[in-house]
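Inspection log for the structure reproduced underneath, given as C-alpha cells.
A quick note: this is a predicted structure, and the numbers were derived from the prediction, not measured.
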Amino acid sequence: MTTVRTRFAPSPTGHLHVGSVHTALYSWLIAKKYKGQFILRIEDTDLERSESTHVQTILQSMEWLGMDYDEGPYFQTQRLARYKEVIDQLLKDGLAYRCYCSKERLEHLRECQLANKEKPRYDGCCRNQHEFKDCPFVIRFRNPEEGVVAFDDLVHGHIEFQNSELDDLIIARADGSPTYNFCVVVDDLDMGITHVIRGDDHVNNTPRQINILRALGGKEPLYGHVPTILGPDGKKLSKRHGAVSIQQFRDDGFLPHALLNYLVRLGWSHGDQEIFSLDEMIEYFDFDHLNNSPATFDIEKLLWLNQHYLKEAKSEDLVQELDAQMAKAGVSILDGPDLVDLIQVQKERCKTLVDLAEKSRYFYEDFTEYDEKAKAKNLKKEVIPVLQSVLTKLELVSHWKAEPLHACILQTAEDLDLKLGKVAQPVRVAITGGSVSPPLDVTLELIGRHRSLHRIKEAIQICEAGLLH
RNA sequence: GCUCUCAUCGUCUAGUGGCCUAGGACACUGCCCUCUCACGGCAGGAACAGGGGUUCGACUCCCCUUGAGAGUACCA
C-alpha cells in the first residue's frame, strides 16, 4: 500500500483566500488521517502576476492556521528545466507538436466558432504539419481524437468526457514557458501525489490532464473536486463579500481553530456534531460525507464558533494576540490590569479579539464621554445618595478584591432598601461610562481603586450638575 | 452556444427506499436565569425546486423541465 501524498498548490498572485484554505484543509486532513505527507507547492509560472510578498503571506497564513507541510514549499519556477525536458521528450515521441498559428488566426477562428454556436477550440491546423518554420511557435499537446476519458471523483463520483470535446491545448508558450495544465501534471507525477484535492473549477481540466499524464506514462491519482464557497449573493466568494484573505481573518480577531472548525463543517458533516478538535477532524473527515453542492459562507456562524473557542481557550494563550489587537486599537496597556485577567473576565462576552479590545478601553484609559442613554438613565439626582453610599464604603476597603467590593454593593442596596440593580447599574455607568460590562465586582477590581473612586466622584458631580437645570 | 457540475428550513447540514407527522446547528422570536452584557436552560416559527416514471412504498433510484455554478485563454 503506497502512502498517501496530498498537496496544496496556491499561486502567489494575491493573499491566501479562505476558499483555497477550505480545500487545502481537506487535503491536509487526509494526509494526516492516513499518516501520509502533505506537500506545499507554489504555482508561480504566471510571471506577470506572481509576487514574492504574496509567497510570504501564504507561508505566514499557513503557519498561523497550524497547517504544517511535510515537503516544500516547491516553486514551479525552479523546475523549468524539468518541464523543458518533458516537453522535448513529448515532441520527440510525436505526442506534442509545434503550432505556428498566429494569435490573430486563433482569435478569428474562435469568433467564427462562437458565431456558429460551436464550442471554441483549436482546429488542429498545425497538427500534421511537420516542416520547421522560422517563426514564433507554441507547443501543443496532441490530444486523442476519439474515445472517452473517465475518472471516479472522490466527491462527485463517476465523471466522463468525450475526447472529441477536447482540443490540443498549449503546453508551452511562444517564449518557451510551460503552462499550468502541463506543469500540474508533471509536478503531481514527479511528487508522487496520490490524491489530487482541489476546487471543482478544475473538473473541466481534469480530462486534459489525464491525457497528458497517460502520454507521460504516469499512473492516475485519485481526484477529489471540492465545491466552491459562495458569498451570500450566491456568487463565488470574493473581496466584495468582506473578509476573504486569511490575514484578514486574523486581523479581524478570529482564532485559527474557529476558522478551521467553520471550514471543515462547510460542506462536510459528521452527524450532528458541530465542534471538532483538530484530532477529531483528522479522525472523522472523509469524502463520503462531503457534500457535492456549493456552500454559502456565513459569517454569523463563524462568529459563534469564534466566541465558543474564545470561551474555551486558556486566557494565557490569547494574551499575545490580544496584545497586538490592543496596540492596533491604540490602547496602551501599561496602565491597567494584566491582559490575562482582562481576558478572563471578557472572553465569554466577545465574538472576536477585536471585539474584546474595543470593549476593554475603559480598563486602561479614562473615557471622555458617557454613553448618552446610559448617562440619562442612570446619572440622575436620585442616584447621588446611592453613589455616595457606595463611595464611602469603597473608600474603606483595604483589600481591593472582588469579594469585599461585592459586599459593598450588597450592603448599599440593603442600607438604602434598593434592589441590587438600582445600585449596580449607576455604579457601572460611573466607572465604565456605559451600561455594559463584566460583573461589577470584578470590573471594579480590575479598574483599580484609584480610578474607580475617582470616576465615582466624577459621576456624582455629573449628577449634581444635572440638578442645576 | 457547447461541455461538465449542482439542487432539504434564511444559512451550514442529517437523511444512502420504510425509523421522516423530515433531525441538529447558526440566525431570529418568546420565556427562564440575572447587577448590565454575555453564557446557560426551555419553547417557537421555518425546508425535501417542479413534473413524470421505477417501486407495495420515495427526501432518498431514473428521466425531463426550471434554476444556479464552473470551464470553454500563449491565467492558475
Side-chain angles (χ1 to χ4, degrees), chain A residues 9-13 43-46 48-50 76 99 101 103 106-107 110 113-121 136-140 153 155-156 159-162 165-167 169-177 179-181 183-184 199-207 225 227-228 230 232 234-236 262 265-275 288-289 291-305 307-308 311 346-351 359 374 378 406 409-410 413 419-429 432 434-441 443:
Chain A
S11 59
T13 52
E43 306 209 325
D44 55 354
T45 48
D46 184 356
E48 304 268 305
R49 299 192 297 152
S50 296
Q76 290 189 322
C99 168
C101 294
K103 282 190 182 179
L106 262 19
E107 206 165 301
R110 190 187 141 80
Q113 287 166 329
L114 242 23
N116 289 331
K117 305 201 171 193
E118 284 170 37
K119 182 175 179 169
R121 75 233 282 183
F137 62 88
V138 298
I139 312 278
R140 284 183 188 272
D153 194 272
V155 354
H156 294 283
I159 298 178
E160 58 179 48
F161 291 80
Q162 297 293 324
E165 288 296 330
L166 275 23
D167 64 355
L169 77 159
I170 292 172
I171 56 176
R173 305 180 180 96
D175 66 2
S177 63
T179 59
Y180 167 75
N181 275 301
C183 296
V184 200
D200 74 358
D201 46 335
H202 287 288
V203 287
N204 292 285
N205 290 326
T206 306
H225 289 98
T228 328
L230 272 22
K235 303 284 182 198
K236 205 167 164 180
Y262 178 71
R265 275 288 281 108
L266 196 59
W268 174 81
S269 61
H270 181 68
D272 288 337
Q273 188 169 344
E274 295 289 349
I275 305 297
D288 291 346
H289 295 85
N291 248 273
N292 43 13
S293 52
T296 306
F297 192 90
D298 180 19
I299 191 74
E300 292 297 335
K301 189 155 181 181
L302 206 210
L303 251 8
W304 170 73
L305 277 164
Q307 179 166 36
H308 171 83
K311 212 167 48 188
Q346 288 274 249
K347 64 182 182 182
E348 81 167 21
R349 61 201 90 234
C350 295
K351 299 224 183 252
K359 284 178 176 163
N378 293 288
H406 185 64
I409 307 294
L410 275 185
K419 291 217 293 195
L420 193 52
K422 293 287 176 195
V423 177
Q425 207 52 7
V427 176
R428 171 169 284 116
V429 176
T432 70
S435 59
V436 176
S437 88
L440 202 54
D441 48 3
T443 305

Show the distances under 3.5 angstrom between N or O atoms of the protein and N or O atoms of nucleotides 61-64 of chain B.
none

A25(B) C1' sits how many Å from E300(A) CD, rounded? 14 Å
Between D288(A) and I170(A), the residue closer to the 5' end of RNA chain B by nearest nucleotide is D288(A)
Quick check for you: to the nearest 0.5 Å, what is the distance between C350(A) atom SG and K311(A) atom NZ? 12.0 Å
Could you let me know what U60(B) is paired to, Watson-Crick or G-U wobble, both distances under 3.5 Å, or none if it's on its own? none
Relative to each other, are the rings of Y262(A) and F297(A) parallel, tilted or perpendicular (30° and 60° limits)? perpendicular
Considering only atom P, compute the distance from C28(B) to A38(B) and round it to an integer number of Å. 10 Å
Pick base, sugar-phosphate or nothing for H225(A), based on heavy-atom distances below 4.0 Å to the nucleic acid. nothing
Provide the distance between the two P atoms, one in C61(B) and one in U5(B), to the nearest whole Å. 15 Å
Interatomic distance, Q273(A) CD vs C26(B) C1' [rounded to whole Å]: 16 Å
Touch class at under 4.0 angstrom, heavy-atom based, for R121(A) against every strand present: nothing
Can you check the distance between A58(B) and U16(B), where both ends of the measurement are the C1' atom (answer in whole Å)? 13 Å
Check whether any side-chain nitrogen or oxygen of R110(A) sits under 4.0 Å from OP1 or OP2 of A73(B), and answer yes or no. yes
Can you check the L305(A) CG to U13(B) P distance for me, whole Å? 13 Å
Whole-angstrom distance between U55(B) and U60(B), as gauged at atom C1': 13 Å
Do the non-hydrogen side-chain atoms of V184(A) and H202(A) ever get within less than 4.5 Å of each other? no
Side chain of H225(A), backbone of H156(A): donor and acceptor closer than 3.5 Å? no
Hey, does T296(A) have a side-chain heavy atom less than 4.5 Å from the side chain of L266(A)? no
Flag the pair E43(A) / C183(A) as yes when at least one side-chain heavy-atom distance between them is below 4.5 Å, and no otherwise. no
Counting primed atoms plus P, OP1 and OP2 as sugar-phosphate and everything else as base, spell out the protein contacts along nucleotides 28-51 of chain B at 4.0 Å heavy-atom distance: B, S or - for each nucleotide, 5' to 3'. -------BBBBSS-----------
Do we see a donor-acceptor contact under 3.5 Å between the side chains of R110(A) and Q113(A)? no
How many Å lie between CG on L114(A) and P on G71(B), as a whole number? 16 Å
By nearest-heavy-atom nucleotide on RNA chain B, the more 5' of L230(A) and Q76(A) is L230(A)
How many angstroms lie between CG in D298(A) and CZ in R265(A), if you round to the nearest 0.5 Å? 12.0 Å
Does the structure show a Watson-Crick or G-U wobble partner for A68(B), both distances under 3.5 Å? Name it, or say none. U5(B)
Tell me yes or no: between the side chains of N181(A) and T179(A), is some donor less than 3.5 Å from an acceptor? no
Rounded to whole angstrom, note down the C1' distance from C39(B) over to A22(B). 31 Å
How long is the line joining OH of Y180(A) and C1' of A76(B), in whole Å? 6 Å
May I ask you to say what T45(A) touches in the nucleic acid, namely base, sugar-phosphate or nothing, with a heavy-atom cut-off under 4.0 Å? sugar-phosphate
According to a strict under-4.0 Å criterion, is H289(A) in side-chain N/O contact with OP1 or OP2 of G15(B)? yes
Using the C1' atom in both, what is the distance from G23(B) to G15(B), to the nearest Å? 9 Å
Heavy-atom check, side chain of H308(A) versus side chain of E274(A), under 4.5 Å: no
Could you measure between the two C1' atoms, the one in G18(B) and the one in A25(B), and give it in whole Å? 27 Å
Ignoring hydrogens and geometry beyond distance, is the side chain of D272(A) in donor-acceptor contact with the base of G23(B) at under 3.5 Å? yes
Only pairs with both distances under 3.5 Å count, Watson-Crick or wobble alike; so what is the partner of U36(B) in this structure? none
Between atom CG in N205(A) and atom P in G71(B), what is the gap in whole Å? 9 Å
Please report, rounded to the nearest Å, how far the P atom of G1(B) is from the CD atom of Q113(A). 17 Å
For a quick test of reading the model: is some side-chain N or O of S269(A) closer than 4.0 Å to OP1 or OP2 of A14(B)? yes
Would H270(A) and H289(A) count as a side-chain contact (heavy atoms from CB on, under 4.5 Å) here? Give the steps. CA-CA 7 Å; H270(A) 181 68; H289(A) 295 85; over 6 Å; no
Find the partner of U11(B): check Watson-Crick (N1-N3 plus N6-O4 or O6-N4) and G-U wobble (N1-O2, O6-N3) distances, both under 3.5 Å, and reply none if neither fits. A25(B)
Give the B/S/- string for nucleotides 4-12 of chain B, one per nucleotide from 5' to 3', where a protein heavy atom under 4.0 Å of the base yields B, of only the sugar-phosphate yields S, and otherwise -. SSSS---SB
Using the P atom in both, what is the distance from C74(B) to G67(B), to the nearest Å? 31 Å
Whole-Å distance between A73(B) C1' and E107(A) CD? 11 Å
Between A76(B), G15(B), U3(B), which one does the side chain of H202(A) approach most closely? A76(B)
